[in-house]
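Please read the structure below before turning to the comments.
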Amino acid sequence: METFKDVIMGERLVLVDFFAIWCQPCKMMHPILEQVKETLGDRIRVIKIDVDKHGQTASQYQIQSVPTLMLFRRGEPLWRTSGVVSKADLLATIDPFLK
């Protein structure tokens with residue numbers, strides 16, 4: 001079974017959504033993330049981490065509010081933000097990391 005560390009250690013860019021099922025802004029992010037994945041296809045991997053189920057991982061990355069989005073490549077955190085991000089802003093943020 002693939003672990004969180006396995007996923008973020010890869011060559012492909014990974015967008016991680018740290019969320020909670022009770023979080024209303026997290027629910028707003030879900031369709032935005034689906035649209036970003038649809039736009040970027042195989043150039044990025046999008047994963048969701050439930051902070052209530054994976055508290056140790058959330059703690060390791062000092063997640064204090066949800067949603068928190070982080071970009072990783074080869075295990076390195078490249079970018080992070082908290083709160084709802086529009087599709088356009090998210091694509092603009094990700095684009096330089098795809099080059």
>> Quick one, Arg73 with Leu78, criterion side-chain contact (heavy atoms from CB on, under 4.5 Å). Give me CA distance, side-chain angles, the key distance, then yes/no.
In response: CA-CA 7 Å; Arg73 180 181 283 132; Leu78 305 172; 3.9 Å; yes
>> Working note: Val7 + Arg45, criterion side-chain contact (heavy atoms from CB on, under 4.5 Å); need CA distance, chi angles, decisive distance, verdict.
In response: CA-CA 9 Å; Val7 173; Arg45 184 160 179 189; 3.9 Å; yes
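In this structure, OG1 on Thr3 lies 10.0 Å from CE on Met9, to the nearest 0.5 angstrom. Between the CD1 atom of Ile47 and the CD1 atom of Ile8 there is a distance of 7.5 Å, given to the nearest 0.5 Å. For the atom pair Phe4 CZ and Gln60 CD, the distance stands at 7.5 Å (nearest 0.5 Å).
Across all their heavy atoms, Val84 and Met29 have their closest contact at CA-SD, 3.6 Å. Shown here for Ile44 and Lys37, the closest heavy-atom pair between the two residues is O-NZ, 2.8 Å.
Hydrophobic cluster membership differs between Trp79 and Ile49, with clusters built from Ile, Leu, Val, Met, Phe, Trp and Tyr side chains linked at under 4.5 angstrom. The hydrophobic cluster containing Met28 also contains Leu15, counting ILVMFWY residues as joined when their side-chain heavy atoms lie under 4.5 angstrom apart, directly or transitively. Hydrophobic clustering (ILVMFWY, side-chain heavy atoms < 4.5 Å, transitive): Val16 and Val51 are in one cluster.
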Enumerate, atom names and distances included, each donor-acceptor pair closer than 3.5 Å involving a side-chain atom of residues 63-72, sequence neighbours excluded.
residue: Ser65; atom: OG; partner: Ser82; partner atom: OG; Å: 3.3
residue: Thr68; atom: OG1; partner: Ser65; partner atom: O; Å: 2.5
residue: Thr68; atom: OG1; partner: Ser82; partner atom: OG; Å: 2.9

Extract all donor-acceptor atom pairs below 3.5 Å that involve side chains of residues 85-99 and protein atoms in other chains or at least two apart in sequence.
residue: Ser86; atom: OG; partner: Asp89; partner atom: N; Å: 3.1
residue: Ser86; atom: OG; partner: Asp89; partner atom: OD2; Å: 3.3
residue: Thr93; atom: OG1; partner: Asp89; partner atom: O; Å: 2.9
residue: Asp95; atom: OD2; partner: Lys99; partner atom: NZ; Å: 2.8

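Annotation: Glu2, atom CD; neighbour count of heavy atoms from other residues, nucleotides and ligands within 6.0 Å is above 12.
Every pair passing side-chain hydrogen bond (donor to acceptor under 3.5 Å, both in side chains) that includes a residue from residues 8-36 is listed here, sequence neighbours excluded: Glu11-Arg74, Asp17-Lys48, Trp22-Asp52, His30-Glu34.
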